[in-house]
Amino acid sequence: MREIRVNLTEKSYPIYIEEGLISNIGAEIKNIYKNKKVAIITDKNVDNFYGEKVKASLENNGFLVLKVVLEPGEKSKSIETLLRVYDELLDFEITRGDLIIALGGGVIGDLTGFAAATLLRGVPFIQIPTSLLAQIDSSIGGKVAVDLPKGKNLVGSFYHPEAVFIDPKMLNTLDERFFYDGMAEVIKYGCIKDKELFNNLLAYENKEELMQNMDYIIYTCCSIKKEIVEIDEKDTGDRMLLNFGHTIGHAIEKYFNYEAYTHGEAVALGMYAITKKSEEMSITKKGSSELIKEILKKYNLQYEIQLKDKEKILKTIALDKKSKGNHISLVLIKDIGESYLHKLPKEMVTDFI
Ligand code: GLY
């Protein structure tokens with residue numbers, strides 16, 4: 001089993017990565033949690049594959065288990081669903097000494113984490129991420145949130161899990177489109193911090209070889225994220241490097257009403273667009289955008305779309321909650337594996353689109 005420890009000022013927690021880990025999850029949790037009650041929050045898709053298995057494994061280890069099954073998809077990251085989750089947890093008479101498990105992708109992780117952070121002023125929780133995106137990104141680093149009608153992740157907190165359990169085998173049941181959606185973020189880690197990871201991804205001959213290396217890939221991405229989060233837990237500096245491709249990506253997602261492109265697909269477009277520009281401006285090593293194009297194509301990701309409505313996109317960028325005052329911090333790369341923050345006045349963002 002691979003283990004990474006995230007060390008923060010007020011908390012330290014492990015990330016465990018192992019194929020088949022889920023089969024033995026009850027015993028694993030028994031090692032770190034001594035009370036009786038466990039509430040699993042999951043969605044219908046994940047429940048079909050793993051819900052009963054996880055519940056049975058916990059019950060076989062003596063836990064009293066509640067399973068709450070939500071509708072899949074971003075719509076569930078709402079205040080309404082949050083209220084339902086609070087209600088079910090309170091009916092179960094959960095206390096601050098008990099445990100909540102987020103079993104699912106990013107939506108389940110974010111919503112469950114936020115419920116855990118706020119109910120009774122904080123109930124401990126564990127992440128069992130089931131999508132690639134959640135395994136390498138959203139389950140680590142403590143960002144938890146729900147959406148509001150006015151936008152995504154507008155109510156949230158930093159609340160870290162007690163542990164993260166990652167079973168790469170669970171990716172075998174992930175829908176193809178969402179597998180490659182996660183690959184965009186894997187590629188991002190290569191671009192911002194790890195040329196070797198990037199080159200390895202370029203060299204794998206087929207999906208079989210990729211999957212054979214999945215525990216190394218997940219371990220590498222989680223290690224990069226751990227290092228960044230340890231330096232900048234609250235996202236005021238280096239953590240923004242994780243947003244490579246995201247400024248344009250978020251704007252594209254929003255422009256198309258979150259219907260045309262998944263998060264990863266939009267980030268892929270953003271990474272290529274920004275690197276093509278910075279290369280033209282001679283602040284990125286020549287050839288970098290071609291390499292990004294090549295790797296995106298290899299992993300079933302589009303690298304370019306025609307944007308007619310640039311003004312609207314720019315407005316979206318200006319309204320992004322992460323851009324402070326009149327300036328925006330863009331993430332650029334000098335070379336594959338070497339990233340930095342480039343602060344510039346908002347009106348100059350046009351130069352990069
Ligand atoms: N997903 C970006 C972050 O955790 O900061």
Side-chain angles (χ1 to χ4, degrees), residues 4 6-9 11 13 15 74 77 102 104-114 116-117 125 127 129-147 151-161 164 166 178 181-194 197 217-254 258 261-271 274 317 320-324 328-333 339-341:
I4 299 168
V6 183
N7 295 306
L8 305 163
T9 328
K11 183 168 186 157
Y13 61 95
I15 303 167
E74 188 75 28
K77 229 173 105 173
V107 167
I108 289 295
D110 284 8
L111 171 87
T112 304
F114 187 71
F125 89 116
Q127 291 268 19
T130 57
S131 70
L132 182 55
L133 190 77
Q135 293 189 345
I136 57 146
D137 183 13
S138 59
S139 67
I140 302 143
K143 280 188 183 174
V144 294
V146 294
D147 302 336
K152 283 197 180 194
N153 296 323
L154 290 180
V155 185
S157 182
F158 290 94
Y159 189 71
H160 296 273
V164 183
I166 301 176
F178 286 96
D181 167 69
M183 280 308 296
E185 296 276 1
V186 171
I187 292 166
K188 178 200 76 182
Y189 282 109
C191 290
I192 63 166
K193 284 280 178 197
D194 194 333
L197 171 67
I217 292 169
I218 295 171
Y219 177 81
T220 306
C221 296
C222 290
S223 303
I224 296 172
K225 181 140 188 190
K226 160 219 151 74
E227 272 173 28
I228 292 180
V229 168
E230 280 178 356
I231 296 168
D232 176 27
E233 184 192 344
K234 295 283 160 66
D235 203 11
T236 55
D238 277 14
R239 188 162 178 170
M240 286 189 238
L241 294 175
L242 295 169
N243 290 339
F244 178 53
H246 284 56
T247 304
I248 296 175
H250 279 152
I252 291 173
E253 274 185 281
K254 204 164 175 183
Y258 299 96
Y261 297 96
T262 65
H263 177 69
E265 288 165 353
V267 166
L269 295 166
M271 290 191 289
I274 201 104
I317 291 175
D320 192 319
K321 70 179 190 302
K322 283 181 185 145
S323 65
K324 293 189 187 110
I328 194 159
S329 286
L330 277 186
V331 187
L332 302 179
I333 57 168
S339 52
Y340 67 102
L341 290 175

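First listed ligand is number 1; within each ligand, the first listed atom is number 1. Side chains included, hydrogens not; waters and symmetry mates left out as well; all remaining heavy atoms used.
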Q: In plain terms, say whether K225 and D137 are close enough for a salt bridge, that is, a side-chain N and a carboxylate O under 4.0 Å apart.
A: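 Salt bridge flag = yes for D137 with K225.
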Q: List every atom of ligand 1 that sits less than 4.0 Å from any heavy atom of D137, numbering the atoms from 1 in the order shown and giving each element.
A: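 What qualifies from ligand 1 is 1 (N), 2 (C), 4 (O).
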Q: Consider every N or O of K143 and every N or O of ligand 1, then say whether any pair is closer than 3.5 Å.
A: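 So ligand 1 has an N or O lying under 3.5 Å from an N or O of K143.
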Q: I'd like to know if E74 pairs up with K152 as an ion pair, taking the criterion as any Lys NZ or Arg NE/NH1/NH2 lying under 4.0 Å from an Asp or Glu carboxylate oxygen.
A: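 Judged by the 4.0 Å cut-off on N to carboxylate O distance, E74 and K152 do form a salt bridge.
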Q: With sequence neighbours left out, what residues match Y159 under ring pair (Phe, Tyr, Trp, His ring centres under 6.0 Å)?
A: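 Ring pair (Phe, Tyr, Trp, His ring centres under 6.0 Å) check on Y159 returns F125.
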Q: For K225, is the nearest heavy atom under 4.0 Å from an atom of ligand 1?
A: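 For ligand 1, residue contact (heavy atoms, under 4.0 Å) with K225 is present.
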Q: Going by side chain to side chain donor-acceptor pair (under 3.5 Å), name the residues that satisfy it together with Y13, two or more places apart in sequence or in a different chain.
A: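 If we apply the side chain to side chain donor-acceptor pair (under 3.5 Å) test to Y13, skipping adjacent residues, the hits are H160.
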Q: Which of the atoms of ligand 1 are close to L242, meaning less than 4.0 Å from one of its heavy atoms?
A: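 Counting atoms of ligand 1 from 1, those under 4.0 Å from L242 are 3 (C), 5 (O).
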